[in-house]
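Owing to the predicted nature of the structure, the values given are computational and were not obtained by experimental measurement. Heavy-atom basis, side chains included; hydrogens, waters and symmetry copies ignored. Here is the naming used below: chain letters follow the sequence lines, and residue numbers restart at 1 for every chain.
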Protein chains: 4
Amino acid sequence: MARVPAAERRDELVNAAIRVIASRGVDGATTRRIAEQANAPLATLHYCFQTKELLFTAVFERLTERYREVLIESDVHGDLVATARAMLRGVLDWYLESDPEFASASFELISWAQRQEEHPAVTVYNEAFNVVRSILARAAAGQDVPPETIDEIGYVIGTLSDGFVVNWLTYGNRSRAVQQAQTVVDVFDAWLAVKLA
Amino acid sequence: MARVPAAERRDELVNAAIRVIASRGVDGATTRRIAEQANAPLATLHYCFQTKELLFTAVFERLTERYREVLIESDVHGDLVATARAMLRGVLDWYLESDPEFASASFELISWAQRQEEHPAVTVYNEAFNVVRSILARAAAGQDVPPETIDEIGYVIGTLSDGFVVNWLTYGNRSRAVQQAQTVVDVFDAWLAVKLA
Amino acid sequence: MARVPAAERRDELVNAAIRVIASRGVDGATTRRIAEQANAPLATLHYCFQTKELLFTAVFERLTERYREVLIESDVHGDLVATARAMLRGVLDWYLESDPEFASASFELISWAQRQEEHPAVTVYNEAFNVVRSILARAAAGQDVPPETIDEIGYVIGTLSDGFVVNWLTYGNRSRAVQQAQTVVDVFDAWLAVKLA
Amino acid sequence: MARVPAAERRDELVNAAIRVIASRGVDGATTRRIAEQANAPLATLHYCFQTKELLFTAVFERLTERYREVLIESDVHGDLVATARAMLRGVLDWYLESDPEFASASFELISWAQRQEEHPAVTVYNEAFNVVRSILARAAAGQDVPPETIDEIGYVIGTLSDGFVVNWLTYGNRSRAVQQAQTVVDVFDAWLAVKLA
DNA sequence: AATGAATGAGGCTTCATTCAT
DNA sequence: TATGAATGAAGCCTCATTCAT
């Protein structure tokens with residue numbers, strides 16, 4: 001195996017970890033398998049990351065960041081309703097279209113993080129929620145919307161997308177999931193209409 | 001030493017497994033820890049359940065059954081709207097009130113089951129979904145509701161309760177979750193009103 | 001499983017042990033497998049034999065006895081050459097015709113016995129050798145044959161039959177073994193002719 | 001701690017395995033005991049040989065090779081009779097003089113190999129037989145000897161040496177074995193004289 | 001007398017990690 | 001700097017045996 005600078009290795013290892021976690025679960029993601037998947041010697045993993053947990057933290061950060069990108073890319077810069085719907089839609093589409101490994105690994109890691117003392121699962125959620133809230137707040141500027149309502153909309157977006165992804169990951173039936181995504185958006189619309197009436 | 005019928009031992013072990021899974025995840029649920037939690041020697045675990053996987057299967061069955069009970073107990077025998085809402089409410093309340101270990105262990109196990117070739121996570125979902133559907137169908141009798149709508153309502157109940165539980169398990173903030181449960185029901189009501197208009 | 005008197009059980013267990021040893025080796029002959037093969041509860045094995053080693057000793061005795069029977073049945077009551085040849089032939093034929101499990105289990109057990117402090121493999125050999133010698137001695141009565149020669153003939157019979165059985169058990173090719181048995185007898189004849197010239 | 005190349009470690013482990021197998025049988029040759037005998041931590045054994053079975057395979061190969069060496073070293077490059085006798089003599093002497101563990105372990109392993117699906121005991125025998133045959137064939141060149149006779153001589157060499165070693169391993173009486181080796185060679189000579197008359 | 005229940009000891013293997021180079 | 005070599009801890013499972021009934 002050719003000697004490769006540590007910086008590149010780190011990236012490869014994080015990617016490898018995501019792939020392995022997605023396919024074999026957090027528990028199945030052993031250092032050996034991750035190193036193998038990254039085409040790197042086992043010792044290199046610990047040379048780059050000292051600890052498995054630190055590698056996982058890096059993975060965590062990568063996922064968090066990706067989440068934020070998705071949300072920001074979904075911002076249509078419209079009014080509150082349009083913006084909120086677009087954001088939900090954006091997340092659902094990302095789950096459907098982008099590498100399904102990301103969604104799967106996310107879920108695995110969140111369970112894992114819940115059990116770690118150091119890395120609360122809460123971080124991803126908070127981060128994502130903050131992004132959602134700030135986008136919504138900007139969209140609501142000028143309209144008279146109380147902050148609790150902004151938060152509640154954010155919560156509902158999260159709840160619906162989480163609920164959607166659980167089913168999607170469980171069944172893995174894409175054509176059905178596409179329809180379900182529409183249903184989810186319908187549900188959101190119906191509630192928003194009442195809420196912002 | 002105390003001569004306990006195997007059936008009781010099995011029960012104790014299943015309970016212990018649920019507790020350990022809830023607190024340390026499926027991967028952290030080692031035979032040793034489960035046996036310890038059940039206050040039994042390690043070998044006893046293998047006397048009662050030839051294999052760790054068989055023990056987990058038993059846990060799986062227990063959870064599936066519990067799920068069904070909750071759904072059936074939530075049946076108010078009213079019209080479609082009332083029945084659907086009651087069922088969603090029932091599941092949310094169960095998550096909130098009953099042993100949170102059940103919810104947590106459920107989620108853990110579903111991820112686990114997804115990776116097992118033999119035990120598709122799908123079973124729990126299918127089982128639950130079938131119960132929901134049959135209850136809804138009975139409630140809709142007489143009214144002119146197409147079966148696709150029944151299925152869709154079932155799906156939304158599932159999606160909302162899954163989304164709810166993810167947040168609840170992540171943050172573990174009960175008072176907030178109680179409010180969120182109300183929001184979830186509101187969302188459901190808004191959609192149902194439109195759907196069955 | 002029906003309750004069966006201990007005496008019968010002992011026989012069944014010995015037979016079961018022979019079958020299991022033959023098919024899975026001494027090491028693969030676990031108490032559980034033997035009990036299962038005998039269609040008896042596991043605890044019964046220890047009720048009848050207190051110890052696995054005692055069961056094996058019983059198996060050992062059974063095999064020793066069978067060996068003696070074969071030798072005695074092969075006695076043609078002729079002169080030394082005829083008697084010796086008949087005995088070798090008898091053993092070879094027994095290996096070929098009788099239950100091959102016996103031969104296989106014998107070899108397994110002899111290896112095992114060599115490692116036991118209590119049950120020297122030597123017993124079977126001595127027992128068999130004594131029978132051979134006494135039969136030969138009687139056949140040689142009247143002829144002027146020194147006792148060392150009697151012993152040597154016995155040794156050659158043993159060596160040839162052991163060598164034969166190793167090959168036979170290794171290849172398990174019966175038709176070839178039948179020819180080889182003839183070769184073995186030819187070898188014996190050639191030597192005897194020179195020896196007793 | 002001492003940094004030893006893996007190749008050496010492997011050798012040590014193979015040697016240790018042979019010793020343990022010889023003294024405690026294949027079944028008594030546990031990974032723990034082998035590691036201890038090699039003065040290595042248990043995990044090291046699995047670092048060098050992913051599996052116990054792979055270690056045993058290596059042992060097998062070592063023995064096979066040793067066998068071949070013995071046969072080739074015994075080749076006197078004489079005529080057929082001299083060559084055949086020398087080869088038998090060489091094997092007997094090897095059994096007697098060289099490390100008796102080799103002979104013992106060989107026998108143990110052949111029983112073991114017979115029960116493995118993948119590693120037929122047959123390999124050792126075939127390998128040895130092929131060597132014997134090719135040496136005999138070269139010695140017979142020019143003389144008019146049918147190939148079946150070559151094979152038969154090879155078989156008799158195998159049978160006599162196997163029979164010899166069983167007794168030698170069983171009784172472990174060296175001085176008696178030395179005499180018996182002579183008897184065995186006499187037997188062989190007598191038969192060869194008749195056969196090649 | 002006979003057997004279901006129970007168990008300590010030990011089997012093989014894999015893990016994350018550290019060491020020596 | 002990078003990495004083959006090495007390892008203690010822990011994983012799941014099976015063994016022969018004993019206990020309580």
Produce the list of close N/O pairs, under 3.5 Å, pairing protein atoms with atoms of nucleotides 8-10 of chain F; give distances to one decimal.
none

More than 12 heavy atoms of other residues, nucleotides or ligands under 6.0 Å from CZ of B/Arg24: yes or no?
no

[X] [atom1] to [N] [atom2], straight-line distance once rounded to whole Å:
X: D/Gln50; N: E/dT13; atom1: CD; atom2: P; result: 10 Å
X: B/Leu45; N: F/dG11; atom1: CG; atom2: P; result: 13 Å
X: D/Glu36; N: F/dT7; atom1: CD; atom2: C1'; result: 16 Å
X: B/Arg10; N: E/dA6; atom1: CZ; atom2: C1'; result: 15 Å
X: C/Phe56; N: F/dT17; atom1: CZ; atom2: P; result: 10 Å
X: B/Glu8; N: E/dA6; atom1: CD; atom2: C1'; result: 15 Å
X: C/Asn39; N: E/dA2; atom1: CG; atom2: C1'; result: 15 Å
X: D/Leu13; N: F/dT7; atom1: CG; atom2: P; result: 11 Å

How far does CZ of B/Arg9 sit from OH of B/Tyr47, to the nearest 0.5 angstrom?
11.0 Å

Roughly how far apart are C/Glu12 CD and C/Ile34 CD1, rounded to 0.5 Å?
13.5 Å

Minimum heavy-atom separation for B/Leu45 and B/Leu13, please, with both atom names.
CA-CD1, 4.0 Å

Over all atoms of both residues, closest heavy-atom pair of B/Gly28 and B/Arg33:
O-NE, 2.9 Å

So which nucleotide from [options] ends up closest to the side chain of [X]?
X: A/His46; options: E/dT3, F/dT17, E/dA16; answer: E/dA16
X: D/Tyr47; options: F/dT7, E/dT17, F/dC13; answer: F/dT7
X: D/Arg9; options: F/dT7, E/dC15, E/dT17; answer: F/dT7
X: B/Thr51; options: F/dA16, F/dC13, F/dT7; answer: F/dC13

Phosphate OP1/OP2 of F/dA6: any D/Thr44 side-chain N/O under 4.0 Å:
no

Are the side chains of C/Trp112 and C/Leu109 in touch, meaning some heavy atoms are under 4.5 Å apart?
yes

Between B/Phe49 and B/Val14, is any pair of side-chain heavy atoms under 4.5 Å apart?
yes

Name all stems that contain residues of DNA chain E, defined as runs of 3 or more consecutive Watson-Crick or G-U wobble pairs, both distances under 3.5 Å.
E:2-21 with F:2-21

I'd like to know if the side chain of D/Thr51 and the backbone of D/Leu54 have a donor-acceptor N/O pair within less than 3.5 Å.
no

Residue closer to the 5' end of DNA chain F, B/Phe49 versus C/Ala29 (nearest nucleotide)
B/Phe49

Using residues 35-43 of chain B as the side-chain source, report each donor-acceptor pair under 3.5 Å to any protein atom, sequence neighbours left out, with the distance given to one decimal.
from: B/Gln37; atom 1: OE1; to: B/Arg19; atom 2: NE; distance (Å): 2.8
from: B/Gln37; atom 1: OE1; to: B/Arg19; atom 2: NH2; distance (Å): 3.4

